[in-house]
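Encoded as structure tokens, the structure appears first; notes follow it.
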Amino acid sequence: MKLRIWAIFLGIMGLLWACREEPEEPFLPSVDAGLPPAKRGPLTQIYLDLVQDSDQAHVGRLGPILDPGAPGWTKAQSAGRSPWRAPKMLNDRSASWLDSIGGSLFFPVGQEGPKLRILELWLKPIAQGQRVSIFLDETPLTTVAVPQNGQVFRIPLPEGGLTPGEHNIRFWFRFSRLKGNVRTSAALSGLRLLPHLLPGDLPDLPMQWVGTFDCAGEAKPALFAGPPTSWSYYLVPPPGSVFRTKLALHSGDPVLFLVTLDEDGASQREMASKTVSLGDLAEIEIDLDAYAGRPVRLNLETRGANGAVGRAAWIEPQIWMPGVTAFEIPVAKNAIVWAVDGLRSDRVGLWRSGEHALTPNLDLIAAEGAAAVDMWSGGVSAEEGHRHLLAPERDGPHLAHVMQDSGRITGIVSASDDVPQALIDDFKTRLDLRQMGELPETSILLSELDDWLDVRGKQPFFLYLATDDPLVPVTENNGYWPLYEQVYWPQHLGDKSVSDEKKRAQLAAYDAQVSVADYWVGQLFGLLETHQLLDDTVVIVVGSVGAELGKHGAAGDGHALLPELLQVPLVVWIPKWKSPSKSHVLRGGGLEDVPRLVLQLSGVEVPESWPGIDLAHALMMGQPIPAHPRSAMSGNQVAARFGQWGLRGLGSRQLRLWNQGEDGTQFHEVTEDCPITLRTLRNYMLDDR
């Protein structure tokens, strides 16, 4: 089966189009391309192991607990370089010293919030005479003197307790002193929020929350849950997911195990409950498919007579998802990655409805192969994008090195000045048009590539191409610009106001350059056909970063970390392979996943230390790309995404939340009406900041 590219004009646009002869032979799942196929085993079905990921949980004993070393502690700390030192034993407690004169803790509160009346905590100062002011949600709560030997404080909370949602506690001490090589003010331990109870009624604060539990004579991993204990996980269940767990007691009276689920804008729902007596081994299984893709809070609670946390347990609690059928990935001798600076995800067509640039070549290639949009670039510069593509792990092996070790000659041809020189030096053959005194034009790049292919012989190769056509300024009446401005966009926008006319001109200029980039992609395939390499070469076209166009109003807020910069498209051509679906464009993934994809499609083992996820199975089988936390930073600005949800803003405040729609840029304010969504995204994307 071959793809033949013929240079023709596309109607009034004069765009390069492409066509291919439809194959008569049946689709084969693997290809003999001169290298052995990469054999893959079945992917694991466990989506989330709640014991293994217990540090992601939030725990409580009647109320929330923010104890150093307890689950959820890292999620409660402030951003950047946390002011809280690593927990250590102090006066038989797990305590954390402040590496400053003050610090904050951020935490979620659930349905128990209105019943909370007391803030309990233990403080030990660095020296005598220390005083501390405590603020709740930036409102003064109290100021107290801290005895030198340490003391447990029980401070009344505001009448009515706390509303369900996000809260923070801030400490400000009078002075700090040197302790070792840091200046510190005090140590904190045992912080918890409680209903109004007498001290004798309080359950213990355990030193160990997870461990092994005897299950029919066999030690199994478990979450300890002697009542009253709660474990809360903020998550986005994948399609078809199921929660499973066993329940057992070590000693004492019967315990009620209760599973509930919270979601923004809805009442708490009881999912399952079972009363377990000593000697019983019960099981719970809950279908979560109805909540697929939605941020939820899964609560595991126990109720009954107060007792040590270790006397009851959730044994092997896990969330399972449907597995992926194993198949042999078709591999090729050659691989080309073309990184296009400034290629925005929301402007490339790929058969989608709405206002897009015309990209017939990318559309055709994707129809024969695979495509994804809203890929996470990971930064605001093309340089960051190239780093993600070529060096996915800062201190690990680079993509060029791994491909060269596989027996391939490696080469780079660049018309972009954003590829770091250190990454250019990774390649065996290197040609930077700017350094060579050539014009940084794609036409010259392809001419040089033509010569490179002509002299390389039949040795398998890996090529990296870098261009920046969508970012090249254009002038009126040049190239495709007048065709967009005078013909294409008026059909879509009609008669508009002056501001819309400016927007139209801006979009026309940018989209014209996207079509230019698309034209050169078509020329690449013609070049491969001329050199009889098309049947042996994987081609991946991907944006290194998006492009910012004009002002953004409320959605922009002057921040640099905008979705149009952080989301780029991916198009993959796989020789002698036909996509199972020509109409499905996947969403998600990130640039750090592309190096892994290159190796998989080249039959090369992926380094275990590399980050990222397996894109090959999703792209080739037409299945959703698994949600994976993505983040980016620019100064004190942060942005992150998990699945269809994204966060952007300054520090822990002024955050904006977006839910990717058709164009991936739909915004609404982060307010108290979506605390579960906010905490879920923060937990997944490490954005407690």
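This chain uses plain numbering: 1 for the first residue, then up along the sequence. All of these numbers come straight from a predicted model, not from anything done at the bench. Because only heavy atoms are used, hydrogens play no part in the values below, and waters and symmetry mates are left out as well, while side chains stay in.
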Next item on the list: Could you check Phe135 against Leu141 for side chain to side chain contact (heavy atoms under 4.5 Å, CB included), going step by step and ending with a plain yes or no?
Entry: CA-CA 5 Å; Phe135 300 80; Leu141 196 59; 6.0 Å; no

Check: Which residue pairs satisfy the ring pair (Phe, Tyr, Trp, His ring centres under 6.0 Å) criterion with at least one member in residues 285-308, sequence neighbours excluded?
Finding: none

Checklist line | Shortest non-hydrogen contact between Phe642 and Pro629, atoms and distance | finding: CD1-N, 3.6 Å

Checklist line | Minimum heavy-atom distance Pro295-Val236, with the two atoms named | finding: CA-CG2, 4.0 Å

Next item on the list: Check step by step if side chain to side chain contact (heavy atoms under 4.5 Å, CB included) holds for Tyr47 and Trp320.
Entry: CA-CA 5 Å; Tyr47 172 72; Trp320 289 61; over 6 Å; no

Checklist line | Pairwise distance CH2(Trp97) to CG(Leu90) - rounded to 0.5 angstrom | finding: 6.0 Å

Note to self: I'd like to check Leu278 versus Asp253 (side-chain heavy atoms, cut-off strictly below 4.5 Å). Are they in contact?
What the structure shows: no

Notebook entry, point to check: Short question: side chain of Asp280, backbone of Ala282 - any donor-acceptor pair under 3.5 Å?
Noted result: no

Checklist line | Inter-residue atom distance Met271.CE - Glu285.CD, 0.5 Å rounding | finding: 12.0 Å

Note to self: So Val144 and Val132, do their side chains get closer than 4.5 Å, heavy atoms only?
What the structure shows: yes

Notebook entry, point to check: Hey, what do you get for OG1 (Thr229) to CG (Asn306), rounding to the nearest 0.5 Å?
Noted result: 9.0 Å

Margin query: Is it the case that the side chain of Asp374 and the backbone of Gly588 share a donor-acceptor pair, with hydrogens and angles ignored and the cut-off at 3.5 Å?
Written below: no

Check: Between His196 and Ile118, is there a donor-acceptor pair closer than 3.5 Å when you use the side chain of the first and the backbone of the second?
Finding: no

Notebook entry, point to check: With a 4.5 Å heavy-atom cut-off, do Phe173 and Leu98 have their side chains touching?
Noted result: yes

Item checked: From Ser267 atom OG to Leu261 atom CG, the distance as rounded to the nearest 0.5 Å -> 12.0 Å

Next item on the list: Name all residues meeting the ring-ring contact (aromatic ring centres under 6.0 Å, His included) criterion together with Phe257; count only those two or more places apart in sequence or in a different chain, and write none if there are none.
Entry: Trp314

Check: Between the side chains of Arg679 and Tyr234, is a donor N or O closer than 3.5 angstrom to an acceptor N or O?
Finding: no

Note to self: For Asn168 and Arg170, which I'm curious about, is there any donor-acceptor pair between the side chains at under 3.5 Å?
What the structure shows: no

Note to self: Name the residue from Arg154, Lys115, Arg117 that meets the side chain to side chain contact (heavy atoms under 4.5 Å, CB included) definition with Leu194.
What the structure shows: Arg154

Notebook entry, point to check: Does any non-hydrogen side-chain atom of Val259 lie less than 4.5 Å from one of Glu301?
Noted result: no

Margin query: Please enumerate all residues that pass ring-ring contact (aromatic ring centres under 6.0 Å, His included) together with Trp73, with sequence neighbours excluded.
Written below: Trp84

Margin query: To the closest 0.5 Å, what do you measure between NE2 (His617) and CG (Asp614)?
Written below: 5.5 Å

Note to self: According to ring-ring contact (aromatic ring centres under 6.0 Å, His included), who are the partners of His388, at least two apart in sequence or on a separate chain?
What the structure shows: none

Check: Side chains of Val348 and Val373: does their closest heavy-atom pair fall under 4.5 Å?
Finding: no

Next item on the list: Sequence neighbours left out, what passes ring-ring contact (aromatic ring centres under 6.0 Å, His included) with Trp209? Give chain and number order.
Entry: Trp231

Next item on the list: Please answer whether the main-chain N or O of Gln268 pairs with a side-chain N or O of Thr260 as donor and acceptor at a distance below 3.5 Å.
Entry: no

Item checked: Test side-chain hydrogen bond (donor to acceptor under 3.5 Å, both in side chains) applied to Gln208 - qualifying residues, sequence neighbours left out -> none

Check: Under the 3.5 angstrom rule, does the side chain of Asp49 hit a backbone N or O of Gln52 as a donor-acceptor pair?
Finding: yes

Notebook entry, point to check: With a 4.5 Å limit on heavy-atom distance, are the side chains of Glu120 and Arg192 in contact?
Noted result: yes

Next item on the list: Determine the minimum heavy-atom distance between Ile319 and Leu298, stating which atoms define it.
Entry: CD1-CD2, 4.3 Å

Notebook entry, point to check: So, does Thr245 use its side chain to make a donor-acceptor pair with the main chain of Glu316 at under 3.5 Å?
Noted result: no

Next item on the list: Find the distance between CG (Leu193) and CG (Leu66) and round it off to the nearest 0.5 Å.
Entry: 7.0 Å

Margin query: With side chain to side chain contact (heavy atoms under 4.5 Å, CB included) as the criterion, how do Arg297 and Gln111 come out once you've worked through the C-alpha distance, each side chain's angles and the decisive distance to 0.1 Å?
Written below: CA-CA 11 Å; Arg297 166 173 156 151; Gln111 300 293 327; over 6 Å; no

Check: Side chain of Arg641, backbone of Ser631: donor and acceptor closer than 3.5 Å?
Finding: no

Margin query: Show, in sequence, the C-alpha distance, side-chain angles and deciding distance for Leu247 and Lys274, and conclude whether the side chain to side chain contact (heavy atoms under 4.5 Å, CB included) test is met.
Written below: CA-CA 9 Å; Leu247 320 168; Lys274 283 194 176 181; 4.1 Å; yes

Notebook entry, point to check: Considering all heavy atoms of both residues, which atom of Ser232 and which atom of Asn299 are nearest to each other, and what is their separation?
Noted result: OG-OD1, 2.9 Å

Checklist line | Pro68 backbone acceptor or donor facing Ser94 side chain under 3.5 Å | finding: yes

Checklist line | Any side-chain heavy-atom pair of Ile315 and Leu223 under 4.5 Å | finding: no

Check: Do Arg85 and Ser96 have side-chain atoms, one donor and one acceptor, less than 3.5 Å apart?
Finding: no

Checklist line | Heavy-atom pair with the smallest gap, counting every atom of Ile613 and Asp593 | finding: N-OD1, 2.8 Å

Check: Ignoring hydrogens and geometry, is there a side-chain-to-backbone donor-acceptor pair from Ser185 to Ser100 under 3.5 Å?
Finding: yes

Check: Under 3.5 Å, side chain of Lys246 to main-chain N/O of Leu281, donor-acceptor pair present?
Finding: no

Note to self: Quick check: do Lys75 and His58 have side-chain heavy atoms less than 4.5 Å from each other?
What the structure shows: yes

Item checked: Heavy-atom pair of closest approach, residues Arg303 and Pro227 -> C-CB, 3.6 Å

